[in-house]
Engineer: 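Questions regarding the structure given below will be posed in turn.
What's counted below: heavy atoms across the whole structure, side chains too, no hydrogens, waters or symmetry copies. Indexing begins at 1, ligand by ligand and atom by atom, following the structure's order.
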Amino acid sequence: MQPSRAREAGKAKSTPKTIVLGVTGSIAAYKAAELTSSLVKRGYSVHVVMTRAATKFITPLTLQTISRNPVHFEMFEPAKDWEIEHISLAQRADLVLVAPATANFICKLASGLADELLAATILATKAPVLIAPAMNAGMYENPIFQHQMKFLQSFGYFFVEPDTGRLACGASGRGRLADIPKIIHALEQVIYPANDFEKDLTGRRVLITAGPTREPLDPVRFLSNYSSGKMGFALAEAARKRGAEVILVSGPTNLEPPDAVELIAVQTAEEMFNAVVERFPGVDVVIKAAAVADFRPRVKAESKIKKQETLVLELERTPDILAYLGKHKKHQILVGFAAETERTLKNAEEKLSRKNLDLVVANDLTEEGAGFEGDTNIVTFLYPGGAAVSLPKMNKKELAGLILDEVAKLLTAKRDHFRN
Ligand code: PMT
């Protein structure tokens, strides 16, 4: 995030961005005054919508004075200019921010209810919606509430995680409204498109697999492949830089893991399967750059196998992780790789459809500069429906950026699909 670029981008526009600020009935509602003031100072046009409960904590007049715009809270207030209020606010918004958002209000949104102006505005808007929860720690951790929050996230709603600290109820824990700079930071990451800000994966949880797997034969030997992990690690670093929360499940590599990425080290395909499947329900995107062994010795010898003239190994299939994810995916975007040495595009297409992927990145291992170990790759993107885009040889870091551009587009398309 580069706030100076955000401000420049905002100032470059002839009309200021419109923020509809929803305030709900939390003790933290008083902080809406400072939030409104900070947004106005940054050049945003702020239109406050309050729930009835919010008006018990802070007066509409305060927020009206600070925002220099009328404050709305009545769904059926007499029309001033023949516009239905919640529709006009919904259409005018470049972003709807709800801060503070109570547990009750968030659960109401998850149910699609529109029984007062703020909920109706959010239901009607096509603008991004950013929610800053504030509540008691027990309520925030409650599995029902967590479930509703994840449900909203799966439809593209963004959240700013509350802070941990002393709460109004006297207890300590997570639930305090995030600091104003943190809320504005999140807002600016959401509101500015990828070209202005390379932070288009903010609020997204992305799971990336990397490296090879090792399938043990005896205590000192294993079956594996040449994957170095470079492609997967480049993806993890790029996704984190673009604002995503990244989980990197990696087989053994010699690489330094990128900063601020959750690294889960695995050895075998079975371990990778367990690590990925356990985390799958909580992520928005999975990119499987790992070269998972397709076979493993059916039996692992207890002690080192002795020298002999010939040795016949019996191999069995490992679990196909990506095929499992394809079968069980709900809201997630799934990106697979296909590493091929013959009939590359045909085989990759077959994987795209059999594994129910949103995108497959095909590398032809016979091409110089493609595939394992090196710093470069040469790939073709294949999409369901038959479209294909072939890319020239490029550095794996550069390619990671292009793959994430596709992921960002797929996430936006999915969100718009659910909204329309
Ligand atoms: O690590 P590097 O040295 O940088 O090399 C990068 C790479 C060549 C490993 C990478 O670009 C790549 O192509 N990764 C996938 C290699 C592979 O295993 O391809 P596949 O065609 O066998 O598998 C297809 C897809 O299914 C892959 O996304 C793979 O992760 C997944 N798979 C495969 C087998 C299995 N049991 N479970 C899986 O999930």
Engineer: Decide whether an N or O pair under 3.5 Å exists between Met231 and ligand 1.
Structural biologist: yes
Engineer: Does the pair Asp218/Lys306 count as a salt bridge with the N-to-O cut at 4.0 Å?
Structural biologist: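 Salt bridge flag = no for Lys306 with Asp218.
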Engineer: After noting the C-alpha distance and the side-chain angles of Phe57 and Tyr30, does the key distance pass the ring-ring contact (aromatic ring centres under 6.0 Å, His included) rule?
Structural biologist: CA-CA 7 Å; Phe57 291 96; Tyr30 76 90; 9.5 Å; no
Engineer: So for Gly229, does at least one of its heavy atoms come nearer than 4.0 angstrom to any atom of ligand 1?
Structural biologist: yes
Engineer: For ligand 1, note which part of Asp294 has a heavy atom under 4.0 Å away: side chain, backbone, both or neither.
Structural biologist: side chain
Engineer: Select one of side chain, backbone, both or neither to describe which atoms of Pro319 lie under 4.0 Å from any atom of ligand 1, heavy atoms only.
Structural biologist: backbone
Engineer: Between Asn377 and ligand 1, which residue portion shows a heavy-atom distance shorter than 4.0 Å: side chain, backbone, both, or neither?
Structural biologist: side chain
Engineer: Are any of the N/O atoms in Ala290 less than 3.5 Å from those in ligand 1?
Structural biologist: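 Yes, Ala290 has an N/O under 3.5 Å of an N/O on ligand 1.
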Engineer: Salt bridge check: are Glu237 and Lys241 linked by an N-O gap of less than 4.0 Å?
Structural biologist: yes
Engineer: With respect to Lys108, which candidate in Thr102, Asp115, Thr51 satisfies the side-chain hydrogen bond (donor to acceptor under 3.5 Å, both in side chains) definition?
Structural biologist: Asp115
Engineer: Would you check whether Tyr226 has a nitrogen or oxygen atom less than 3.5 angstrom from a nitrogen or oxygen atom of ligand 1?
Structural biologist: no
Engineer: Are any of the N/O atoms in Thr209 less than 3.5 Å from those in ligand 1?
Structural biologist: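 No; every N/O pair is 3.5 Å or more apart.
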Engineer: Filter on side-chain hydrogen bond (donor to acceptor under 3.5 Å, both in side chains), then keep only pairs touching residues 390-399, sequence neighbours left out; what's left?
Structural biologist: Thr380-Ser390
Engineer: What do we get for Ser228 next to ligand 1 when only non-hydrogen atoms under 4.0 Å count, side chain, backbone, both or neither?
Structural biologist: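 Looking at Ser228 and ligand 1, atoms from backbone and side chain both fall under 4.0 Å.
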Engineer: Is there at least one pair of N or O atoms, one from Leu322 and one from ligand 1, spaced under 3.5 Å apart?
Structural biologist: yes
Engineer: Between ligand 1 and Gly211, is the shortest N or O to N or O distance under 3.5 Å?
Structural biologist: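 By distance alone, the answer is no.
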Engineer: Looking at atom 8 (C) of ligand 1, what's its closest protein heavy atom, distance included?
Structural biologist: Gly371 C, 3.6 Å
Engineer: Pick one of side chain, backbone, both or neither for how Lys288 approaches ligand 1, counting any non-hydrogen atom pair under 4.0 Å.
Structural biologist: both
